[in-house]
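Everything below concerns the one structure shown next.
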Amino acid sequence: MRINPAHRINRVQPDGLHATPGYHHVTVVEAGRTAHLAGQCPLDVSGDLVGAGDPLRQADQVAANALVALAAVGAGPQDVVRSVVYVASDDRSVLAAVWARLNAGPLAGAFTTASTLLGVTVLGFSGQLVEVDLTAALDD
């Protein structure tokens, strides 16, 4: 696939690599500003954990928080150029369910880009099961 320099963000599926379930292997951003969001956690505005024991409810809260953070810098899911999703589980069906939930919600556009899904042992807050780390390209 050829890169179109007229586009600010180009998402690429190189020949010779496996097909992906919705994301792209490579994202190219033309020179400009970027926003690097802190890992978004399933905490409400008061700092309380949402969805204890429920990774899907936590995915919803993480997505809601990420949308607020993106909006604060004038960006949206379509501006995300890199995502990493962390799930505190070694069960692939749980990882897949969280991935599906995020891709079915209002943050879905963030996961069409270069994305990584990881099962991890533990996350930063007691009871936390999901975290999302995003990088977005901003207008100059």
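One is the number of the first residue; the rest follow in order along the sequence.
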Summary of ring pair (Phe, Tyr, Trp, His ring centres under 6.0 Å) pairs that have at least one residue in residues 56-80, sequence neighbours excluded: none
Pairs involving residues 51-62, ordered by first then second residue, that meet side chain to side chain donor-acceptor pair (under 3.5 Å) (sequence neighbours left out): Asp60-Arg101, Gln61-Asn65
Ring pair (Phe, Tyr, Trp, His ring centres under 6.0 Å) partners of residues 35-80, not counting sequence neighbours, each pair once: none
For His18 against His25, the heavy-atom pair lying closest together: O-NE2, 2.9 Å
Check: Thr112 side chain, Gly109 main-chain N or O, donor-acceptor pair, under 3.5 Å: yes
hydrophobic_cluster_shared for Tyr23 and Leu70, side chain cutoff 4.5 Å: yes
Where at least one partner belongs to residues 59-106, residue pairs that pass ring pair (Phe, Tyr, Trp, His ring centres under 6.0 Å), sequence neighbours excluded: Trp99-Phe111
side-chain hydrogen bond (donor to acceptor under 3.5 Å, both in side chains) involving Ser89 - partner list, sequence neighbours excluded: none
Asp48, CG atom: more than 12 neighbouring heavy atoms under 6.0 Å: yes
Atom pair NE2/CG of His24 and Leu17 - distance to nearest 0.5 Å: 12.5 Å
Contact check, side chains of Val62 and Gln40, non-hydrogen atoms, under 4.5 Å: yes
ILVMFWY cluster membership beyond Leu43 - transitive side-chain contacts under 4.5 angstrom: Leu49, Phe125
Results of side chain to side chain contact (heavy atoms under 4.5 Å, CB included) for Thr121 - residues two or more places apart only: none
Set of side chain to side chain contact (heavy atoms under 4.5 Å, CB included) partners for Leu138, sequence neighbours left out: Arg33, Ala35, Val73, Ala75
For residues 130-137, which side-chain donor-acceptor pairs fall under 3.5 Å, sequence neighbours excluded?
from	atom 1	to	atom 2	distance (Å)
Glu131	OE1	Gln128	NE2	2.9

Those residues that, when tested against Ser93, pass side-chain hydrogen bond (donor to acceptor under 3.5 Å, both in side chains) (two or more places apart): Asp91
Pairs satisfying ring pair (Phe, Tyr, Trp, His ring centres under 6.0 Å), at least one member in residues 44-68, at least two apart: none
hydrophobic_cluster_shared for Val81 and Val84, side chain cutoff 4.5 Å: no
Side chain to side chain donor-acceptor pair (under 3.5 Å) contacts touching residues 71-83 (sequence neighbours left out): Arg8-Asp79, Arg82-Thr116, Ser83-Ser115
Side-chain heavy-atom pair Val87, Leu117 within 4.5 angstrom cut-off: yes
Hphob cluster co-occupancy, Val85 + Val94, side-chain heavy atoms under 4.5 angstrom: yes
